[in-house]
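Down below is the structure, laid out as structure tokens.
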2 protein chains.
Amino acid sequence: MSLLVIGSLGLDTVETPFGAAQEVIGGTAVFCSVSASHFTRVNLVGVVGEDFPQTEIAFLRSRGVDLDGLEIKPGKSFSWGARYGFDLNSRDTLFTHLNVFETFNPRIPEKYRDTPFVFLGNIGPDLQLSVLEQIKQPQLVALDTMNYWIERMPNELARVLERVDVLLVNDSEMRQLSGEHNLMKAARRVREMGPKISVVKKGEHGAIMITPEKFFYAPAYPLENVFDPTGAGDTFAGGFMGFLAQCSRVDENTLRQAVIYGSTFASFVVEDFSIGRLRNLNENEIRQRFANFHEMTRFVRPWEE
Amino acid sequence: MSLLVIGSLGLDTVETPFGAAQEVIGGTAVFCSVSASHFTRVNLVGVVGEDFPQTEIAFLRSRGVDLDGLEIKPGKSFSWGARYGFDLNSRDTLFTHLNVFETFNPRIPEKYRDTPFVFLGNIGPDLQLSVLEQIKQPQLVALDTMNYWIERMPNELARVLERVDVLLVNDSEMRQLSGEHNLMKAARRVREMGPKISVVKKGEHGAIMITPEKFFYAPAYPLENVFDPTGAGDTFAGGFMGFLAQCSRVDENTLRQAVIYGSTFASFVVEDFSIGRLRNLNENEIRQRFANFHEMTRFVRPWEE
């Protein structure tokens, strides 16, 4: 089944201790749709300016990403610049130019309105809600958000959360949204807001998934060199939602595999700038890394030996 | 097989957001030997003052802990006071009184000298070395240390590390000792120093074990209420070393189970002050929690379904 992805597309300028990249493609919808495209057809909704590289549009199309929902507007694309410190956990945002993104008002093409799986990337909750209102009864909706919206648009966020199945945020966002430091309590609070499933991304500490009945813990991949962490969370979302859309079911077993696919893709994207590492990723590499996640968490209950 | 444990025993005064405890027993050798006692006979080496409660000495003995290596000296026991903040990751040490511990010079009773498994708790590396010199060819030696010794006695620490098999520290100690931020690189550097196996405790983020060939990731138990984190690391060490001593083998499979037993016992000890939660722990509770660790990390490779 197909996956609708809404979020930013733009040009990133990134400096890390290992190198620098100028105006490379980035944004939630880019990272998410490229990783999801390994599993399913992606219906992309977003906006870019006339400076967005035609070659990259062609690349997205070559990955089976449907771009009928991509507006190309006069002006410049969203652009963002950041510098990472040595431990890669801290970054300074150097600039954020919204450009054509400033007046973005997502219109969902008619042909997208039946899309069963929906990922609402981190944009204003009013826009996220407007997307949901244009879609017919999706099977599963996941949402990402951030401190900016939690603080400034809590009412709009509460309204959209009521219609969301999976909250997909990082640990500090989870704590801020719920007002609970403990993530188990936070997930309980989030369930009262709407999403029955919380997937919490913890960077180098992996990811956890809390469903009403179960708790699942996925490690981060033990890379010796993280080159550029930009896009890891969105790439995770793409692997997670793409796999669920492919399977078209959301039982515990499938959700856990989806978390591992999310972690798998996130572990690749940080090995290079932008989507560099995802461009030529083959199915063998993906399967091997998924298998490595299995190998590094596996143990036997002693009484079953 | 039996396990030799050397480390502090003392009286802790602890304040957390959930309560306070005055002069309750604590210290590495206490936490470690109580958890290890679920698996194996423990030969304890340490020192206490005359104020150390007789009832607690009787309790340790009732757990099968051999106390022939415990000196009882005129004067007061080691005592330590701390206050934890709301997130329980930060604590202020309010006082540390070495008392009888100040002149501690471990003498290993003749009957302990063949002990095959040895845990060198966090004490001066010169004392750790002197313990090893009194023991005949142990099968496995694990060592804990801290920033204080890494900074002040690097040469002595280097000398003892050459004779150690398992380094068992927290993530910041691992980074400081190795001079590497990345834990994979840090473990490689540690292998050059001696220990072929690194077990890195990451508090609420679980624990990792890095062997020359493999990487293993154990989550922390998702407790809704951590009551008092004091002793979690030492309790982990007890579960880890106790299980290895019981099995008397150190292959990858057994090491992984040992990490999970370490995590299991650590998850219990933080549910109460001191060793409160460990006092009446029964085998069913332990097995159930171990099984929960298995359940919360388990997933199926999709191509094997």
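So you know, we letter chains A, B, ... as the sequences are listed, proteins then strands, and number each from 1.
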field: Which portion of B/Glu180 sits near chain A, non-hydrogen atoms under 4.5 angstrom
entry: neither
- prompt: Highest number of heavy-atom pairs under 4.5 Å with chain B: which of A/Asn253, A/Thr254, A/Leu183, A/Val259?
  reply: A/Asn253
query: Highest number of heavy-atom pairs under 4.5 Å with chain A: which of B/Phe299, B/Tyr261, B/Phe215?
result: B/Phe299
message: Is B/Arg298 in contact with chain A via its backbone, its side chain, both, or neither, using a 4.5 Å heavy-atom distance?
response: both
message: With no hydrogens and no angle check, just 3.5 Å: does a side-chain donor-acceptor pair link A/His38 and A/Glu283?
response: yes
task: Show the numbers, then the answer: is there a side-chain contact (heavy atoms from CB on, under 4.5 Å) between A/Val166 and A/Phe240?
output: CA-CA 11 Å; A/Val166 181; A/Phe240 177 82; 4.1 Å; yes
- prompt: Do B/Gln288 and B/Asn292 get their side chains close enough for a donor-acceptor pair, meaning under 3.5 Å?
  reply: yes
query: Is the number of heavy atoms from other residues, nucleotides or ligands within 6.0 Å of CZ (A/Arg83) greater than 12?
result: no
query: chain B: which of A/Glu295, A/Glu252, A/Lys202, A/Met209 shares the most heavy-atom pairs with it under 4.5 Å?
result: A/Glu295
query: Where does A/Arg188 contact chain B at under 4.5 Å (heavy atoms): side chain, backbone, both or neither?
result: side chain
- prompt: If you count heavy-atom pairs under 4.5 Å between each of B/Met184, B/Lys214, B/Arg301 and chain A, which one has the most?
  reply: B/Arg301
message: Would you say the ring centers of A/Phe243 and A/Phe265 fall short of 6.0 Å from each other?
response: no
field: Proximal component of B/Ala220, with respect to chain A [non-hydrogen, under 4.5 Å]
entry: backbone
task: Please state whether the side chain, the backbone, both or neither of B/Ile208 comes within less than 4.5 Å of a heavy atom of chain A.
output: neither
task: Go through the atoms of B/His181 and report whether side chain, backbone, both or neither lie under 4.5 Å from a heavy atom of chain A.
output: side chain
message: Which atoms of B/Asn225 are under 4.5 Å from chain A, going by heavy atoms: the side chain, the backbone, both sets, or neither?
response: both
Atom group of B/Glu305 that falls short of 4.5 Å from chain A, counting heavy atoms: side chain
message: Looking at A/Ser248 and A/Ala245, would you say the former's side chain and the latter's main chain have a donor-acceptor pair under 3.5 Å?
response: no
Side chain to side chain, A/His294 and A/Ile260, heavy atoms closer than 4.5 Å: no
- prompt: With distance as the sole criterion, is a donor-acceptor pair present between the side chains of A/Arg189 and A/Ser178 under 3.5 Å?
  reply: no
